[in-house]
Amino acid sequence: MAKFTIYRSTDSGAPVLTGEVNKLVLLLDACLVNGYTASVTSITRAGSIATVTCPVPHNLLTGQSVLIAGAVETDYNGTFVVTVTSTTVFTYTVPGTPATPATGTITYKRLAAGWTKPLTGTNKAAFLQGAGSNGFYLRVQDDAPGAGAAKEARMRGFETMSDVDTGTGDFPTVAQSAFGEVCRKSATADATARSWILVADARTLYLFVKTGDNAVVHFAFAFGEFYSLLAGDNFRCMIAGRNTENSAVTTLDTLDLVSLPSAVTSFFFITRGHSGTGGSVNAGRHGDRTKGAQLGYLAGNMAYTNPANGAFYVSRVWVHDSVTTPVNGLRGRMRGFWHWLHPIAGVADGDVLTGTGELAGKTFLVVKSGGAGGGGLSLYIIETSNTIESN
């Protein structure tokens, strides 16, 4: 099992995303490769519990890890799992019995997701998945490459790369899309800051951006591993983004699209089919339509909460392949990414939900809204507990 780290534009020390060149590269560099640092007002200790007070909201979730540094009393320093007690306070277990309060210029660092950036160019880079992954590359061209200029970046996956512009095993291929996938950063090519959330571990990332094209919609992008049903699957990697350049139309977003198990989903590509031969496959995703889910996007019509037991219901999002012979097979499930089976009005953006019954031990972050179905009719449910399945 694994756990995602949640990064937000409202974090202290977070990078700023705008409609300017290289801003997406810098954001991914901070979240995936380097992490970023924020200041601490004070640390006090009672027994083995250190209490950290921050000058601004920390946006951490219980169970996340941070790196404490700068305390003169060195027992306070190190990487620790936190328990959140308020928007500006968290605690952790400290070794030893250091003096209280802590002294020094103290910081906490939101840890990077565990990727590397081995290849770079002018306003572009290739990011490499980290430990435990297939080790594939995400190429990010953020030099105002297309009709959307600096409002958008072009994204493409590669199995191998020799420099930032050269690779093999591309997905999607140039034949499937001349520009790859589109990640929209902003409605305007200027320094206007945009709200964003990035969810990632060393294998998979999901990025949600309020670009300004629509007041409620998060434009979205995803890259990395899905959980595969194929033993020893060396090609369990996917990419999903926008399928058109220079458009504010919300329905062109594809991460919140689902289809029938016999159909592809627009601009959702996996590295190869289940045979492991050939190349990039335009695959599909589906949830649990039998429980009231909408066909086409991530929402449903089951009453919230369910009248019989007061519970909420979500479905895993399945990856299916209706292209590779024999067709219409299940390939796997998206990691930590779930299909909401209720109307979206029952929950608010940023809500954290706690599972019960068969979802006991799981927590979920609501990212609202998605672009499919006309804009604002779907949402994203992201697993935030240390329960994310991995191959």
Side-chain angles (χ1 to χ4, degrees), residues 1-15 27-45 48-71 76-95 102 106-115 129-133 195-208 224 335-338 349-355 359-367 380-390:
M1 295 296 180
K3 182 180 179 65
F4 288 144
T5 300
I6 314 296
Y7 308 88
R8 308 173 197 253
S9 56
T10 52
D11 296 341
S12 182
L27 186 155
L28 294 176
D29 193 32
C31 298
L32 301 180
V33 181
N34 293 314
Y36 48 87
T37 299
S39 61
V40 166
T41 301
S42 67
I43 300 181
T44 59
R45 180 183 61 81
S48 63
I49 301 301
T51 297
V52 181
T53 301
C54 305
V56 296
H58 49 64
N59 290 334
L60 295 168
L61 296 175
T62 293
Q64 287 187 235
S65 295
V66 300
L67 174 65
I68 305 292
Y76 287 113
N77 297 330
T79 300
F80 302 100
V81 177
V82 307
T83 298
V84 172
T85 59
S86 80
T87 58
T88 57
V89 178
F90 62 87
T91 66
Y92 64 91
T93 301
V94 63
I106 307 172
T107 61
Y108 72 94
K109 183 176 184 179
R110 198 172 302 261
L111 300 179
W115 300 51
Q129 295 172 291
S133 71
S195 174
W196 56 266
I197 299 171
L198 189 142
V199 182
D201 65 2
R203 303 166 182 253
T204 306
L205 72 87
Y206 301 105
L207 174 63
F208 310 98
R335 299 181 64 241
F337 187 90
W338 295 73
D349 185 28
D351 280 355
V352 176
L353 307 177
T354 300
L359 296 176
K362 294 183 182 294
T363 56
F364 304 90
L365 174 68
V366 176
V367 180
Y380 307 98
I381 299 291
I382 302 296
E383 193 171 343
T384 57
S385 44
N386 191 21
T387 54
I388 297 171
E389 57 185 357
S390 303

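Rounded to the nearest 0.5 Å, atoms OG1 (Thr37) and CG (Leu67) are 7.5 Å apart. Going from atom CE of Met1 over to atom OG of Ser390 covers 8.0 Å, rounded to the nearest 0.5 Å. Lys362 contributes atom NZ, which lies 10.0 Å from atom CG of Asn386 (distance to the nearest 0.5 angstrom). Once rounded to the nearest 0.5 Å, the distance linking OG1 of Thr204 with CD1 of Ile388 reads 8.5 Å. Once rounded to the nearest 0.5 Å, the distance linking CD1 of Ile197 with CG of Asp349 reads 6.0 Å.
Proximity of a side-chain donor or acceptor of Arg110 to a complementary backbone N or O of Ser12 within less than 3.5 Å is not detected. No donor-acceptor distance shorter than 3.5 angstrom exists from the side chain of Lys109 to the backbone of Thr79, with no hydrogens or angles considered. For Arg335 (side chain) and Glu389 (main-chain N/O), a donor-acceptor pair under 3.5 Å exists by modelled atom type. Distance alone, capped at 3.5 Å, is enough to place a donor-acceptor pair between the Ser9 side chain and the Trp196 backbone. With Thr91 contributing its side chain and Thr51 its backbone, the two residues share no donor-acceptor pair below 3.5 Å. For the pair Tyr108 (side chain) and Val66 (backbone), a donor-acceptor distance under 3.5 Å is absent.
The closest side-chain heavy-atom distance from Ile43 to Tyr92 is below 4.5 Å. Between Cys54 and Phe90, the closest side-chain pair of non-hydrogen atoms falls below 4.5 Å. In this structure, the side chains of Val366 and Leu353 come closer than 4.5 Å at one or more pairs of heavy atoms. Contact check for Val84 versus His58: side-chain heavy atoms found under the 4.5 Å cut-off. Counting heavy atoms from C-beta outward, Val199 and Leu205 have side chains that stay 4.5 Å or more apart.
Ala200 approaches Tyr7 most closely through the heavy-atom pair CB-CE1, 4.5 Å. Of all non-hydrogen atoms in Val94 and Ala50, the two that sit nearest each other are CB-CB, 4.2 Å. Residues Gln64 and Thr5 approach most closely at NE2-CG2, 3.8 Å, considering heavy atoms. Nearest heavy-atom pair across Ala30 and Pro15 is CB-CG, 3.8 Å. Here the closest non-hydrogen pair linking Val81 and Ser65 is CG2-OG, 3.6 Å. Taking all atoms of both residues into account, the shortest heavy-atom contact from Phe80 to Pro95 is CE2-CD, 3.9 Å.
Taking the six-membered ring where the residue is Trp, the centroids of Tyr206 and Phe337 are separated by under 6.0 Å.
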Item to check | Candidate pair Leu198 and Leu32, rule side chain to side chain contact (heavy atoms under 4.5 Å, CB included), full reasoning | outcome: CA-CA 9 Å; Leu198 189 142; Leu32 301 180; 4.2 Å; yes
Checklist entry - How far apart are the C-alpha atoms of Ser195 and Phe208, what are their side-chain angles, what is the distance that settles it, and do they pass the side chain to side chain contact (heavy atoms under 4.5 Å, CB included) test? => result CA-CA 9 Å; Ser195 174; Phe208 310 98; over 6 Å; no
Item to check | Full working for side chain to side chain contact (heavy atoms under 4.5 Å, CB included) between Phe4 and Ile382 | outcome: CA-CA 9 Å; Phe4 288 144; Ile382 302 296; 4.0 Å; yes
Item to check | Verdict with supporting geometry, Ser133 and Trp115, side chain to side chain contact (heavy atoms under 4.5 Å, CB included) | outcome: CA-CA 10 Å; Ser133 71; Trp115 300 51; over 6 Å; no
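Using modelled atom types, one finds a donor on one side chain and an acceptor on the other under 3.5 Å when comparing Thr363 with Thr384.
Aromatic ring pairs are classed by plane angle as parallel below 30°, tilted from 30° to 60° and perpendicular above 60°; the pair Phe364 and Trp338 is perpendicular.
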